[in-house]
Amino acid sequence: QVQLVESGGGLVQAGGSLRLSCAASGLTFNVYTVGWFRQAPGKEREFRVANSWNGSPGKTYYADSVKGRFTISRDNAKNTVYLQMNSLTPEDTAVYYCAADPDPFLSGSYYRNDYWDYWGQGTQVTVSS
């Protein structure tokens, strides 16, 4: 049984930082492409970042609005993926979801929800002004 569990969300002031974690069971992240999405109330899930498992360091794609602020990383020993979020603004407020897919090259439409095979339950991030 595959399970992805996000943690690390919470309430922060504008300009602050959070590090989200996504721990996997039933799969090993080092052979899966991974990504992060967000979803605000009444809106569709929106792509934030994706990282392929093939290659060193592999391919990484960021949404324009998070470039220079957010960073995806992996700790293979802990089978965990992280999203470091800096310079947060109220516009970043949303539920953040991690996702995984067996595509080794991040060659498909990774910005689409239906590209991804597995999803976590989400963790709430709230940024106050």
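Given the structure is predicted, the values throughout are model-derived calculations rather than measurements.
- Shortest non-hydrogen contact noted between Thr89 and Arg69 is N-NH1, 4.4 Å.
- Residue Phe29 is grouped with residue Leu83 when hydrophobic side chains (ILVMFWY) are merged at heavy-atom distances under 4.5 angstrom, including chains of intermediate members.
- No chain of hydrophobic side-chain contacts below 4.5 Å, direct or via other Ile, Leu, Val, Met, Phe, Trp or Tyr residues, connects Tyr82 to Val66.
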Could you walk me through whether Trp116 and Thr33 pass the side-chain contact (heavy atoms from CB on, under 4.5 Å) test, one step at a time? CA-CA 9 Å; Trp116 301 90; Thr33 282; 3.7 Å; yes
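- Across every non-hydrogen atom of Ile72 and Trp36, the tightest pair is CD1-CD1, 3.8 Å.
- Listed by first and then second residue, the disulfide bond (SG atoms under 2.5 Å apart) pairs that reach into residues 80-129 are Cys22-Cys98, sequence neighbours excluded.
- Between atom CG of residue Asn79 and atom CG of residue Asn30 there is a gap of 7.0 Å, rounded to the nearest 0.5 Å.
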Before you tell me yes or no, could you show the steps for Tyr61 and Leu106 under side-chain contact (heavy atoms from CB on, under 4.5 Å), namely the whole-Å CA-CA distance, both residues' side-chain angles and the distance that decides it to 0.1 Å? CA-CA 9 Å; Tyr61 299 123; Leu106 197 53; 3.4 Å; yes
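- Counted by atom type alone, Arg74 and Asn51 present one or more donor-acceptor pairs between their side chains at under 3.5 Å.
- Under the 4.5 Å side-chain contact rule for hydrophobic residues, Leu27 and Val34 share a cluster.
- Looking only at distances, no side-chain donor or acceptor of Ser65 sits under 3.5 Å from a matching main-chain atom of Ala63.
- Shown here for Leu4 and Ala24, the closest heavy-atom pair between the two residues is CD2-CB, 3.7 Å.
- Taking all atoms of both residues into account, the shortest heavy-atom contact from Val2 to Tyr118 is CG1-CD2, 3.5 Å.
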Got a list of side-chain donor-acceptor pairs under 3.5 Å for residues 119-129, not counting sequence neighbours?
| from | atom 1 | to | atom 2 | distance (Å) |
| --- | --- | --- | --- | --- |
| Gln121 | NE2 | Glu6 | O | 3.2 |
| Gln121 | NE2 | Glu6 | OE1 | 3.3 |
| Thr123 | OG1 | Gly9 | N | 3.3 |
| Gln124 | NE2 | Ala94 | O | 3.4 |
| Gln124 | NE2 | Thr126 | OG1 | 3.3 |
| Ser128 | OG | Val12 | O | 3.4 |

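- Between Ser52 and Phe105, the shortest heavy-atom distance links the atoms CB-C, 4.0 Å.
- A donor atom on one side chain and an acceptor atom on the other are found under 3.5 Å apart for Ser17 and Asn86.
- For Tyr62 and Phe70, the ring centers sit 6.0 Å or farther from each other.
- Atom-to-atom distance recorded for Thr93:OG1 and Leu11:CG is 8.5 Å, nearest 0.5 angstrom.
- The cluster map of Ile, Leu, Val, Met, Phe, Trp and Tyr, joined by side-chain heavy atoms under 4.5 Å apart, puts Met85 and Phe47 in different clusters.
- Stacking of Arg38 on the aromatic ring of Tyr97 is not recorded, the 6.0 Å distance cut-off and the 45° axial limit not both being met.
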Determine whether Tyr96 and Phe37 satisfy the following criterion, ring-ring contact (aromatic ring centres under 6.0 Å, His included), listing intermediate values before the conclusion. CA-CA 6 Å; Tyr96 282 74; Phe37 284 68; over 10 Å; no
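- One side chain, Tyr115 or Asp103, offers a donor N or O that lies under 3.5 Å from an acceptor on the other.
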